[in-house]
*Asks:* 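After the structure tokens below, expect a handful of questions from me.
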Amino acid sequence: MTPLAPFQETTDEDINTPNDFYMKCEKNPSLFFDDGVRSIDFVLVYKINQQASVEDQHEEKRHIFEMNLIAEGLEIERACKEKEQIYFVKVHAPLEVLRRYAEILKLRMPMKELKCNVKLLSKYSRLRYAAQYISKKIPGMSVVNRSTSSVFSSLKGIIKFFMKHIYVDERNFPRRAQRFTAIYSRDKEYLFDIRQDNFFTPAVRSRIVQFILDRQRFTPKSKDEMAFGIERMVASNIYCAAYPLHDSLFLPYGEVNEKNTMRHTLYTHWASVRKWYRYQPLDYIKEYFGVKIGLYFAWLGFYTYMLLLASVVGVFCFIYSWSTLKNFEPVKEICGGKRNITMCPLCEWCDFWDLKETCFYAKISYLIDNPSTVFFAVFMSFWATLFLELWKRYSAEITHRWDLTGFDVHEEHPRPQYLAKLQHLPHTRTDYVTNMREPTVPFWRMKLPAAVFSFSMVLLLVALTLVAVLAVVVYRMATMASLMLRKSNPMNTSSAIVLSTSSAAFLNLCMLYVLNYVYNRLAEYLTELEMWRTQTQFDDSLTLKMYLLQFVNYYASIFYVAFYKGKFVGRPGDYTLWFDFRQEECSSGGCLTELCIQLAIIMIGKQAFNSILEVIMPMIWRKIGAIRVGLSKLFAPKEHDKQKDTERWVRDLKLLDWGTRSLFPEYLEMVLQYGFVTIFVAAFPLAPFFALLNNILEMRLDAKKLLTHHRRPVSQRVRDIGVWYRILDCIGKLSVITNGFIIAFTSELIPQWVYRHFSPNGSLEGYLDFTLSQFNTSEYNQTRSLSAKYDNLTTCLYADFREPPTSEKRYQLNNTFYIILACRLCFVVIFENFVALVMIIVRWCIPDMSVGLRDQIRREAYITNEIIIEQETRRARTERAKGSQSLRLPDSESNTPDPNDRFIRIEQLLCSDLSQSQMDLIIHGSSTETGIRGSEV
């Protein structure tokens, strides 16, 4: 057993000033008070209001608020910029405040380590040792073993060399040993390693200060019971901003200029696009930005990592379709056929057209509509399930590593906006958590009308989206007609279809961004009207509205092309009309190509445009924010003023506020992309590949945006990604349905399989004639007038399965149509059930937590108890050593039990060479007859 060291008390000076949490560097004076000792844990900023009456009220509220901060134990120092009339209030949390609120918040803090030598062997180590033992007993196996070991060693060395450049660079981000933690208690402070450098990290300090700021009043309680919280003061413009400081300075149009700081290291070795191939230093991201942001980057990195497999399979499927294109019979019949196939007009203004014009269109159709499509759709359904299950497993590891299991979330106070709107109402409700009286929202007068109005507006916005889709459809039809009917150099049918579809998709993309802006504003306004009490309730309601509106906005046109376009158009002479107009028709190869073009333009265009906005918009908003507070000149300092106004609190003021909902658009963008990758992947096999390229760039741009354009966020603790996981799960289940119906009803795979079954040689030779039906041009006014311009044109062909005009059941659906329809429905049933079975098996095979992690948690619980026992024993030994220096008590007092006797016997029980009899004596105690002590254990 390791000898126990004497217990030593830790002085306040040892931990009052935090250093960098992973390396020591010179103290930056702009991170400390003027004395250079006390750190700046938070900064409050205010600007003098030009209206004297308003400024007097603000000054009184600031004075009350700051006095309450001082009463809580916080220390304050002021600084100002006289010319701009901007004042800074620097806040420092002393050690006693940190200790008190760490206990209130039940923070888990690192304990003193137990030095123990325990050799753990994995199951693979045991198998390897067993194999080596057996190989020594078999003649000749030793030579094979040596040669095999040599080969494996070489391969292992090569793999290790390459992976060294992919894993986190430990030269810049040293591996951090996982410390055992426990809920902090001042009564048991000797259990914690408070002598550790930076025991209270900057993230913990800012979180504690934020907790205090959110609960301090700024008016007398008799005047307004609900007037508290820094958020409400910022919303009322009493303060301009409140933020913790970054640990280094970022120069305008430059880089982070202070080396050996966490911000500089993250900016150089994480946010750089040149480091795209390296793993993310998640532990350091979590320490600098907090758990919530760290978990977002962990999820984004894991999603990108999983996209690698999907993109590889998608690219292989595309290569397969490209290599087999030349052997596809329908394409050869369209492009290389000697006979002319005259097709019926596609619109009311269109003319007859030759099927050869769609040669290029047919080639594109085959690249996405081939037998590999079914395999890739099944694979992506399996991939979606695998992604979510592995994420749950990986999330459990992160939750354990970041010590988030079972943490206590403190009570959530009302939102400042909620309190401001109810300020005129009497306080009739006592909250059961905070035990404070709060106003109650009148149900009939405020809550019900707001809910009905919000629901009605959401339905109206959904209807507006459908109108936008209809407008795009009309534009596409008008564009195709104008391209084919222009007098000079009319365009052929194939080019007109591709060009009209592409231009309509670009128009749809532009309309998406306009509608998104309207949706964002209205969704926040509607959610505010609903009077949600807490921020969690507000965020959940806003998330539901925004995703519903964005889902309809982005996917409505795609669902239209996939499941409606060309399905209910009727036939020549008996078309189904919309407002006395014909509907859009698909080409002879179906609508899958148009669906692919729509998907590619919306998905790739959206990602590219968002990337551009993420680079440009933060710089524009920073400039606007600096102008508002009168600091715009600091963006371009003169040559002789470069060393002036470089205080950290001044520079960070010009950065953008991160806010409580800033991660929402980031998650929304990725979840919408996940929908493109999974819901419609059968129509666009390269979607995972383009998503992978975007996410590699997105990850680094988000990191750079956080480090350079935003103030340092206050650390927030969450257990998982929240409601987004349930949305992803719903998207995965929806993708199984949509992909099954796309393959069955939008692609041509089922008709091709039916034709192969009835074909004499099992090939697709003659398949083109199989999918076309005849129409007598003299039976319809449009075709009759058009056919007069041509010689001997009595019939035209259209894509459908109907009886010919010479049949008794002319133009009625033939038996082939019903056979194919039955096969389509059977395929949907088989596909859905097979994929569902695969998903169930995957979920069953992959537990939410690995066996190794479960054993590790048990092991750590055991070691934590050992640490507690050891520290108790050390304390008992110290107390015993102090007591041994005093005089021996008189015999009359010798029977008084020693208060440290229990800890002494615990120490005796920990001895490794303890015999069974000695253990019995210690455990079962002594009797007055034998005189052996220990009966009080």
*Asks:* After noting the C-alpha distance and the side-chain angles of I721 and Y296, does the key distance pass the side chain to side chain contact (heavy atoms under 4.5 Å, CB included) rule?
*Replies:* CA-CA 7 Å; I721 60 176; Y296 163 73; over 6 Å; no
*Asks:* Should the pair D283-R401 be classified as a salt bridge under the 4.0 Å nitrogen-to-oxygen rule?
*Replies:*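 Salt bridge: yes.
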*Asks:* Walk me through it: do K606 and Y554 pass the test side chain to side chain contact (heavy atoms under 4.5 Å, CB included)?
*Replies:* CA-CA 10 Å; K606 172 182 173 297; Y554 278 98; 3.2 Å; yes
*Asks:* Holding to salt bridge (Lys or Arg N to Asp or Glu O under 4.0 Å), I want the full list of residues that pass it with D657, two or more places apart in sequence or in another chain.
*Replies:*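 With sequence neighbours excluded, D657 shows a salt bridge (Lys or Arg N to Asp or Glu O under 4.0 Å) to no residue whatsoever.
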*Asks:* Can you measure from CG (L266) to OG1 (T261) and round to the nearest 0.5 angstrom?
*Replies:*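 So the gap between those two atoms works out to 8.5 Å.
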*Asks:* Could you list the residues that satisfy ring pair (Phe, Tyr, Trp, His ring centres under 6.0 Å) with Y725, not counting sequence neighbours?
*Replies:*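 With neighbours one apart ignored, the set is empty.
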*Asks:* Just how far is it from atom NE2 of H264 to atom CG of N172, taken to the nearest 0.5 Å?
*Replies:*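 H264 NE2 to N172 CG: 10.0 Å, rounded to 0.5 Å.
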*Asks:* Answer yes or no: is there a donor N or O on one side and an acceptor on the other, between the side chain of E77 and the main chain of D34, under 3.5 Å?
*Replies:* yes
*Asks:* Where is the tightest heavy-atom contact between G294 and L282, given as atom of each residue plus distance?
*Replies:*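 Closest heavy-atom pair between G294 and L282: O-CD2, 4.3 Å.
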*Asks:* Kindly give the heavy-atom pair with the smallest separation between D41 and A93, and that separation in Å.
*Replies:*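 It is OD2-N, 2.8 Å.
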*Asks:* Which residues satisfy the ring pair (Phe, Tyr, Trp, His ring centres under 6.0 Å) test with H710, sequence neighbours excluded?
*Replies:*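 H710 satisfies ring pair (Phe, Tyr, Trp, His ring centres under 6.0 Å) with W658 once adjacent residues are dropped.
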*Asks:* Is any side-chain heavy atom of L728 closer than 4.5 Å to a side-chain heavy atom of W391?
*Replies:* no
*Asks:* Can you tell me how far CE of M262 sits from OG1 of T265, rounded to the nearest 0.5 angstrom?
*Replies:* 6.0 Å
*Asks:* Which atom pair, heavy atoms only, marks the closest approach of L686 to G314?
*Replies:* CD2-O, 4.3 Å
*Asks:* At what distance, to the nearest 0.5 angstrom, does CG of L295 lie from CH2 of W402?
*Replies:*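 Here the interatomic distance stands at 6.0 Å.
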*Asks:* Using atom types as modelled and distance alone, determine if a side-chain donor or acceptor of Y243 lies under 3.5 Å from a backbone N or O of W649.
*Replies:* yes
*Asks:* Where the side chain of R712 meets the backbone of F289, is there a donor-acceptor pair that is under 3.5 Å apart?
*Replies:*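 Not a single qualifying donor-acceptor pair exists.
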*Asks:* Taking C-beta and beyond as the side chain, do R207 and Q210 meet within less than 4.5 Å on heavy atoms?
*Replies:* no
*Asks:* Take V45 and V89, measure what side chain to side chain contact (heavy atoms under 4.5 Å, CB included) needs, and give me the verdict at the end.
*Replies:* CA-CA 6 Å; V45 186; V89 180; over 6 Å; no
*Asks:* How long is the gap from CZ on F33 to NZ on K90, to the nearest 0.5 Å?
*Replies:*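 One finds 6.5 Å between CZ of F33 and NZ of K90.
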*Asks:* Decide yes or no for P174 and Y284: does some side-chain heavy atom of the first lie under 4.5 Å from some side-chain heavy atom of the second?
*Replies:* yes
*Asks:* Answer yes or no: is there a donor N or O on one side and an acceptor on the other, between the side chain of R278 and the main chain of Y167, under 3.5 Å?
*Replies:* yes
*Asks:* Please list, chain by chain and in numerical order, all residues satisfying side-chain hydrogen bond (donor to acceptor under 3.5 Å, both in side chains) with K292, sequence neighbours excluded.
*Replies:*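 K292 satisfies side-chain hydrogen bond (donor to acceptor under 3.5 Å, both in side chains) with no residue once adjacent residues are dropped.
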*Asks:* Return the set of residues passing salt bridge (Lys or Arg N to Asp or Glu O under 4.0 Å) with K275 (not counting sequence neighbours), or none when no residue passes.
*Replies:*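 Here no residue qualifies.
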*Asks:* For the pair R711 (side chain) and L653 (backbone), establish whether a donor and an acceptor sit closer than 3.5 Å, ignoring hydrogens and angles.
*Replies:*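 Checking the backbone N and O of L653 against the side chain of R711, a donor-acceptor pair under 3.5 Å is found.
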*Asks:* Got R700 and S272 here, is their nearest side-chain heavy-atom distance under 4.5 Å?
*Replies:*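 Heavy-atom side-chain distance check fails, nothing below 4.5 Å.
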*Asks:* Quick one: side-chain hydrogen bond (donor to acceptor under 3.5 Å, both in side chains) partners of Y667, sequence neighbours excluded?
*Replies:*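 Partners of Y667 under the side-chain hydrogen bond (donor to acceptor under 3.5 Å, both in side chains) test: none.
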*Asks:* State, yes or no, whether a side-chain contact exists between I293 and P713 at a heavy-atom distance under 4.5 Å.
*Replies:* yes
*Asks:* Return yes if some donor-acceptor pair links the side-chain N/O of R648 with the main-chain N/O of H246 below 3.5 Å, else return no.
*Replies:*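 Checking the backbone N and O of H246 against the side chain of R648, a donor-acceptor pair under 3.5 Å is found.
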*Asks:* Does some side-chain heavy atom of L693 sit less than 4.5 Å from a side-chain heavy atom of F689?
*Replies:*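 F689 vs L693: side chains touch.
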*Asks:* Would a distance-only check, ignoring hydrogens and angles, find a side-chain to backbone donor-acceptor pair under 3.5 Å from S206 to A203?
*Replies:*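 Yes.
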*Asks:* Before giving the answer on side chain to side chain contact (heavy atoms under 4.5 Å, CB included), spell out for L548 and K545 the whole-Å C-alpha distance, their side-chain angles and the decisive distance to 0.1 Å.
*Replies:* CA-CA 5 Å; L548 175 62; K545 289 186 187 66; 5.9 Å; no
*Asks:* Is the NZ or CZ atom of R263 both under 6.0 Å from the centre of the six-membered ring of Y288 and within 45° of that ring's axis?
*Replies:* no
*Asks:* First locate atom CD of E389, then atom CD1 of I846, and finally report the distance between them rounded to the nearest 0.5 Å.
*Replies:*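 CD1 of I846 is found 6.0 Å from CD of E389.
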*Asks:* Taking all non-hydrogen atoms of both residues, which atom of Q607 and which atom of F690 are closest, and how far apart?
*Replies:* NE2-O, 3.6 Å
*Asks:* Return the minimal non-hydrogen interatomic distance between L707 and A271, and the atom names on each side.
*Replies:*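 Closest approach of L707 to A271: CD1-CB, 3.9 Å.
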*Asks:* Using the salt bridge (Lys or Arg N to Asp or Glu O under 4.0 Å) rule, collect all pairs that involve residues 664-680, keeping only residues at least two apart or in two chains.
*Replies:*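 Found E666-K705.
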*Asks:* With sequence neighbours left out, write down each residue that passes ring pair (Phe, Tyr, Trp, His ring centres under 6.0 Å) with Y277, or none if nothing qualifies.
*Replies:*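 Y277 satisfies ring pair (Phe, Tyr, Trp, His ring centres under 6.0 Å) with no residue once adjacent residues are dropped.
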*Asks:* Show the nearest heavy-atom pair for residues P244 and V714, with the distance to one decimal.
*Replies:* CD-CG2, 3.9 Å
*Asks:* Please output the side-chain donor-acceptor pairs of residues 297-313 that fall under 3.5 Å, not counting sequence neighbours, one pair per line with the distance.
*Replies:*
unit_1	atom_1	unit_2	atom_2	d
Y303	OH	Q673	OE1	2.8
T304	OG1	L300	O	2.8
S311	OG	L307	O	3.0
S311	OG	L308	O	2.8

*Asks:* Applying ring pair (Phe, Tyr, Trp, His ring centres under 6.0 Å), can you list everything that pairs with F676, at least two apart in sequence or on another chain?
*Replies:*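 Checked F676 against ring pair (Phe, Tyr, Trp, His ring centres under 6.0 Å); matches are Y555.
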*Asks:* Please name all residues satisfying side-chain contact (heavy atoms from CB on, under 4.5 Å) with T678, sequence neighbours left out, ordered by chain then number.
*Replies:*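 T678: side-chain contact (heavy atoms from CB on, under 4.5 Å) contacts with W383, A384, Y674, I731, S735.
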*Asks:* Quick check: do V650 and F88 have side-chain heavy atoms less than 4.5 Å from each other?
*Replies:*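 In contact.
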*Asks:* Compare all side-chain heavy atoms of F42 with those of L74 and state whether any distance is below 4.5 angstrom.
*Replies:*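 When only atoms from C-beta onward are counted, L74 and F42 do not touch, as no gap falls below 4.5 Å.
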*Asks:* Only counting residues at least two apart or in another chain, list the ones meeting salt bridge (Lys or Arg N to Asp or Glu O under 4.0 Å) with R393.
*Replies:* none
